[in-house]
Amino acid sequence: MDLQKSIIIENWKTPFGELVLGVHNDKICLCDWKYRAKRTAIDQRLTSYMQCTYIEGTHDLIDSLKTQLNEYFLGKRTKFELPIELIGSEFQQKVWEKLQQIPYGKTITYIDLAIELNNVKAIRAVASANGANAISIIVPCHRVIGKNGEPVGYAGGLTTKMKLLALESPIKQTSLFEI
């Protein structure tokens, strides 16, 4: 088996849903929701671009990814320190690079993201690139919201998006008895 022509994948259940994790040439290329509408399109883009096939297996980098994701889910990690490989068009890669600049606990609207890319008219293309992200959570597409401030569209589902946003920005509860 030629590992250069393989993307090693593992399905992994999290408190937020099931993810497909993948490594190619010692870089994370896949951390995506298993049951998403564009699952086939994402998989075809990755395997076609890299001229690889998926093989189920284990890899030290997948273990590191799971460790860091677990720390994130527990609120103990705000930044990921893993080598990643972004596979997509030049425009998609620009969008994904901008997504990585959104700080933990913060959000940005699709229109503001288009403005950050110096192309206010590209809002639909920005939304499309956001939806084509194959490295969810690490490339935090969940931090992009609608212009009305509400969560909209997410590969892992809106419930998952709202849970991730709540994890990153917990509302501080004040007891009625505190004075």
Side-chain angles (χ1 to χ4, degrees), residues 7-9 12 14 16-17 19-52 54 59 61-62 64-66 68-69 72-73 77-147 151-158 160-165 167-169:
I7 299 170
I8 300 168
I9 64 164
W12 185 55
T14 77
F16 293 85
L19 292 169
V20 181
L21 309 176
V23 172
H24 176 258
N25 287 341
D26 295 321
K27 292 184 181 177
I28 301 294
C29 64
L30 185 63
C31 178
D32 200 15
W33 303 102
K34 184 173 182 177
Y35 302 106
R36 69 173 293 185
K38 295 182 181 178
R39 172 83 274 126
T40 301
I42 298 288
D43 295 340
Q44 287 176 345
R45 184 181 77 229
L46 294 179
T47 57
S48 173
Y49 179 86
M50 293 190 266
Q51 299 180 346
C52 289
Y54 285 167
H59 191 283
L61 195 51
I62 289 177
S64 295
L65 172 58
K66 291 191 298 189
Q68 289 191 26
L69 284 168
Y72 168 82
F73 295 141
R77 176 174 289 279
T78 60
K79 185 174 178 163
F80 293 90
E81 298 165 354
L82 298 160
I84 62 172
E85 184 172 10
L86 300 170
I87 304 301
S89 71
E90 183 178 333
F91 180 79
Q92 288 172 324
Q93 290 189 34
K94 286 179 183 178
V95 171
W96 300 331
E97 292 293 337
K98 283 289 182 191
L99 291 176
Q100 292 177 76
Q101 295 172 20
I102 304 169
Y104 179 92
K106 302 293 183 187
T107 58
I108 189 171
T109 65
Y110 287 98
I111 189 70
D112 289 337
L113 188 52
I115 291 168
E116 284 284 319
L117 292 162
N118 298 315
N119 192 346
V120 70
K121 294 181 181 181
I123 188 167
R124 288 183 187 215
V126 164
S128 179
N130 205 53
N133 176 22
I135 308 180
S136 291
I137 303 173
I138 298 168
V139 177
C141 52
H142 62 279
R143 295 180 188 154
V144 183
I145 58 174
K147 67 181 177 183
V152 295
Y154 186 61
L158 280 181
T160 299
K161 182 173 189 163
M162 292 187 304
K163 287 179 181 178
L164 292 171
L165 292 173
L167 171 72
E168 292 186 13
S169 300

With no hydrogens and no angle check, is any side-chain donor or acceptor of [X] less than 3.5 Å from a backbone partner on [Y]?
{"X": "R36", "Y": "I42", "answer": "no"}
{"X": "W96", "Y": "A129", "answer": "yes"}
{"X": "N133", "Y": "V139", "answer": "yes"}
{"X": "K147", "Y": "T109", "answer": "no"}
{"X": "S169", "Y": "G105", "answer": "yes"}

Spacing of [X] atom [atom1] and [Y] atom [atom2] [to the nearest 0.5 Å]:
{"X": "L30", "Y": "I8", "atom1": "CG", "atom2": "CD1", "value": "12.5 Å"}
{"X": "L117", "Y": "E97", "atom1": "CG", "atom2": "CD", "value": "11.0 Å"}
{"X": "T14", "Y": "L19", "atom1": "OG1", "atom2": "CG", "value": "5.0 Å"}
{"X": "H59", "Y": "L65", "atom1": "NE2", "atom2": "CG", "value": "11.5 Å"}
{"X": "L113", "Y": "R143", "atom1": "CG", "atom2": "CZ", "value": "13.0 Å"}
{"X": "R45", "Y": "T47", "atom1": "CZ", "atom2": "OG1", "value": "10.5 Å"}

With side chains defined as the heavy atoms from C-beta onward, is the minimum distance between [X] and [Y] less than 4.5 Å?
{"X": "V20", "Y": "Y54", "value": "no"}
{"X": "L86", "Y": "Q100", "value": "yes"}
{"X": "P83", "Y": "D26", "value": "no"}
{"X": "L165", "Y": "H142", "value": "yes"}
{"X": "F16", "Y": "I137", "value": "no"}
{"X": "C31", "Y": "L69", "value": "yes"}
{"X": "F91", "Y": "V126", "value": "yes"}

Item to complete: Could you list the residues that satisfy side-chain contact (heavy atoms from CB on, under 4.5 Å) with N119, not counting sequence neighbours?
Response: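 side-chain contact (heavy atoms from CB on, under 4.5 Å) check on N119 returns K121, A122.
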Item to complete: Walk me through it: do R39 and D32 pass the test side chain to side chain contact (heavy atoms under 4.5 Å, CB included)?
Response: CA-CA 8 Å; R39 172 83 274 126; D32 200 15; 3.1 Å; yes
Flag if over 12 foreign heavy atoms under 6.0 Å of [atom1], [X]:
{"X": "K163", "atom1": "NZ", "value": "no"}
{"X": "K161", "atom1": "NZ", "value": "yes"}
{"X": "Y49", "atom1": "OH", "value": "no"}

Discussion item. Checking F80 against I28 for the side chain to side chain contact (heavy atoms under 4.5 Å, CB included) test, could you report, in this order, the C-alpha distance in whole Å, the side-chain angles of both residues, the deciding distance, and whether it holds?
Written reply: CA-CA 11 Å; F80 293 90; I28 301 294; over 6 Å; no
At their closest point, which heavy atom of [X] faces which heavy atom of [Y], and how far apart are they?
{"X": "C52", "Y": "I7", "value": "CB-CG1, 3.9 Å"}
{"X": "K38", "Y": "G131", "value": "CD-O, 4.1 Å"}
{"X": "S136", "Y": "Y154", "value": "CB-OH, 4.0 Å"}
{"X": "I145", "Y": "P151", "value": "CG2-CA, 4.2 Å"}

Worksheet entry | Residue pairs involving residues 107-120 (criterion salt bridge (charged side-chain N to carboxylate O under 4.0 Å, His left out); sequence neighbours excluded) |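 Sorted pair list: K98-E116.
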Item to complete: Run through K79, E168, R77 and flag the one making a side chain to side chain donor-acceptor pair (under 3.5 Å) with Y72.
Response: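 Among K79, E168, R77, the one that satisfies the side chain to side chain donor-acceptor pair (under 3.5 Å) with Y72 is E168.
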Worksheet item: side chain to side chain contact (heavy atoms under 4.5 Å, CB included) between I102 and T107: does it pass, once the steps are laid out?
Response: CA-CA 7 Å; I102 304 169; T107 58; 5.9 Å; no
